[in-house]
Amino acid sequence: MSSNRPIKVIAVTGGKGGVGKTNMSVNLSIALAEMQRRVILMDADLGLANVDVLLGLQAKHTLADVLDGSMSLREVMLNGPGGIKIVPASSGVQQMTQLSPQEHASLINAFSEVSDQLDILMIDTAAGISDTVISFVQAAQEAIIVVCDEPSSITDAYALIKLLNAEHGVFRFRVIANMTRSTQEGINLFNKLNSVCDRFLDASLQYLGHVPFDENVRKAVQKRQPLMTFAPRSKAALSIRAMAQKIDQWPVQTTARGHLEFFLERLLQSASVSGY
């Protein structure tokens with residue numbers, strides 16, 4: 001696989017389900033595409049995919065078809081809103097949650113054909129702290145943790161960060177406070193998570209921003225449209241756009257870690273060790 005240009009690989013996760021992780025992945029991807037970045041959104045919830053469902057798209061083919069050799073990655077990718085490309089996972093197919101090292105090698109080869117037409121690979125992970133989630137986040141260059149103001153969200157986010165930090169050597173995490181009632185609530189939420197991590201872990205948490213509670217988000221989901229196109233001037237959309245601008249300013253790593261093959265090889269290595 002030869003990719004001669006660096007690519008940002010960003011994993012969006014949260015520990016707990018229901019914090020708005022997939023919504024964040026989709027809308028951040030669209031906001032980055034608005035800035036003329038070439039974005040592929042990979043649905044990495046390999047057991048229960050939902051990016052295509054959220055957007056009202058129909059995935060006739062998925063990663064499963066790529067892995068069995070019947071389709072190329074380019075053939076299974078969907079054209080998403082705002083110019084993004086979407087790699088759909090296969091919902092409800094149990095074996096997709098237990099990829100063999102050989103299948104991960106196929107994944108590496110499949111991505112080789114699109115690596116030179118890509119600026120950002122955004123990965124929407126599954127909820128929870130399964131081996132699959134850990135592997136994707138560990139392999140990515142950047143980890144975005146989405147939290148909301150619920151005790152279980154804070155607890156689960158901390159458990160995920162602790163596992164990634166203590167056992168898998170991930171030291172930097174970006175945090176988004178979602179569905180906040182005020183700017184200060186978002187800051188307080190971050191401080192709450194940061195204080196416990198600072199006390200017990202060797203991890204650096206950086207506050208990316210907050211997304212205010214916005215009825216337009218629920219309406220967009222009901223319409224199966226992304227917020228960025230359904231209500232582009234809404235409070236939540238403006239917040240997401242501001243965070244996308246910050247993400248765009250993150251330096252692109254020019255070392256081996258900045259290349260797509262490094263991410264995929266780390267993913268393969270991690271999956272092989274964990275045995276999923």
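- Under the 4.5 Å side-chain heavy-atom criterion for Ile, Leu, Val, Met, Phe, Trp and Tyr, I10 and F171 are members of distinct hydrophobic clusters.
- Under the 4.5 Å side-chain heavy-atom criterion for ILVMFWY residues, no single connected hydrophobic cluster contains both I240 and F230.
- A 4.5 Å side-chain heavy-atom check between F111 and L118 finds every atom pair outside the cut-off.
- In plain terms, the two heavy atoms of L55 and Q225 that are nearest each other are CD2-C, 4.5 Å.
- When only modelled atom types and interatomic distance are considered, Q245 and R241 share no side-chain donor-acceptor pair under 3.5 Å.
- The backbone N or O of M228 lies less than 3.5 Å from a partner atom in the side chain of N27, making a donor-acceptor pair.
- For the pair D119/R38, a side-chain contact is recorded, criterion being any heavy-atom separation below 4.5 Å from C-beta on.
- You'll find the side chain of V221 reaches within 4.5 Å of the side chain of L54, heavy atoms only.
- Minimum heavy-atom separation, D43 to V51: OD2-N, 3.1 Å.
- Side chain of T125 to backbone of V133: no donor-acceptor contact under 3.5 angstrom is found.
- Nearest approach of P226 to I30, heavy atoms of both residues: CB-CD1, 3.4 Å.
- Contact check for L32 versus M122: side-chain heavy atoms found under the 4.5 Å cut-off.
- Taking the side chain as every heavy atom from C-beta outward, V170 and I161 never approach each other to under 4.5 Å.
- The two residues L121 and I7 make their nearest non-hydrogen contact at N-CG2, 4.1 Å.
- For the pair L205 and C197, the tightest heavy-atom approach, listed with the atom from each and the gap, is CD2-SG, 3.9 Å.
- At a threshold of 4.5 Å between non-hydrogen side-chain atoms, the residues R74 and Q117 count as touching.
- For the residue pair D124 / S25, a side-chain donor-acceptor distance below 3.5 Å is found, with atom types taken as modelled.
- Formation of a donor-acceptor pair under 3.5 Å by the R181 side chain with backbone atoms of F213 is not found in this model.
- Interatomic distance, CD1 of I84 versus CZ of R37, reported as 15.5 Å (0.5 Å rounding).
- At least one side-chain heavy atom of R174 sits under 4.5 Å from a side-chain heavy atom of W250.
- Between R172 and E142 there is a salt bridge, with a side-chain nitrogen of the basic residue lying less than 4.0 Å from a carboxylate oxygen of the acidic one.
- The OG atom of S29 sits 4.5 Å away from atom CG of L41, with the distance rounded to the nearest 0.5 Å.
- Under the 4.5 Å side-chain heavy-atom criterion for Ile, Leu, Val, Met, Phe, Trp and Tyr, V211 and L238 are members of distinct hydrophobic clusters.
- Partners of K8 according to the salt bridge (Lys or Arg N to Asp or Glu O under 4.0 Å) rule, which considers only residues two or more places apart in sequence or in another chain, do not exist here.
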For V137 and H168, run side chain to side chain contact (heavy atoms under 4.5 Å, CB included): C-alpha distance rounded to whole Å, both residues' side-chain angles, the deciding distance at 0.1 Å, then the answer.
CA-CA 10 Å; V137 179; H168 299 279; over 6 Å; no
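- F136 and F263 have tilted rings, their planes meeting at an angle from 30° to 60° on a 0 to 90° scale.
- Applying the salt bridge (Lys or Arg N to Asp or Glu O under 4.0 Å) test to R224 and every residue at least two apart in sequence or in another chain returns nothing.
- Residue L163 is grouped with residue F200 when hydrophobic side chains (ILVMFWY) are merged at heavy-atom distances under 4.5 angstrom, including chains of intermediate members.
- Taking 4.5 Å as the limit, every side-chain heavy atom of V39 sits out of range of all side-chain heavy atoms of L28.
- The distance from the CG atom of D149 to the NE2 atom of H210 is 13.0 Å, given to the nearest 0.5 Å.
- In terms of heavy-atom proximity, M179 sits nearest to E185 at O-OE1, 4.0 Å.
- Not a single donor-acceptor pair under 3.5 Å links the side chain of N178 to the backbone N or O of V146.
- Taken from CG in N165 to CG in D202, the straight-line distance is 6.0 Å, to the nearest 0.5 Å.
- Counting non-hydrogen atoms of neighbouring residues, nucleotides and ligands closer than 6.0 angstrom, the CD atom of Q58 reaches no more than 12 such neighbours.
- Remark: the backbone N or O of P88 is not paired with any side-chain donor or acceptor of T62 at under 3.5 angstrom.
- To the nearest 0.5 Å, atoms CD1 (I145) and CG (D156) are separated by 11.5 Å.
- Using a distance-only test at 3.5 Å, with no hydrogens or angles considered, a donor-acceptor pair links the side chain of S234 to the main chain of A231.
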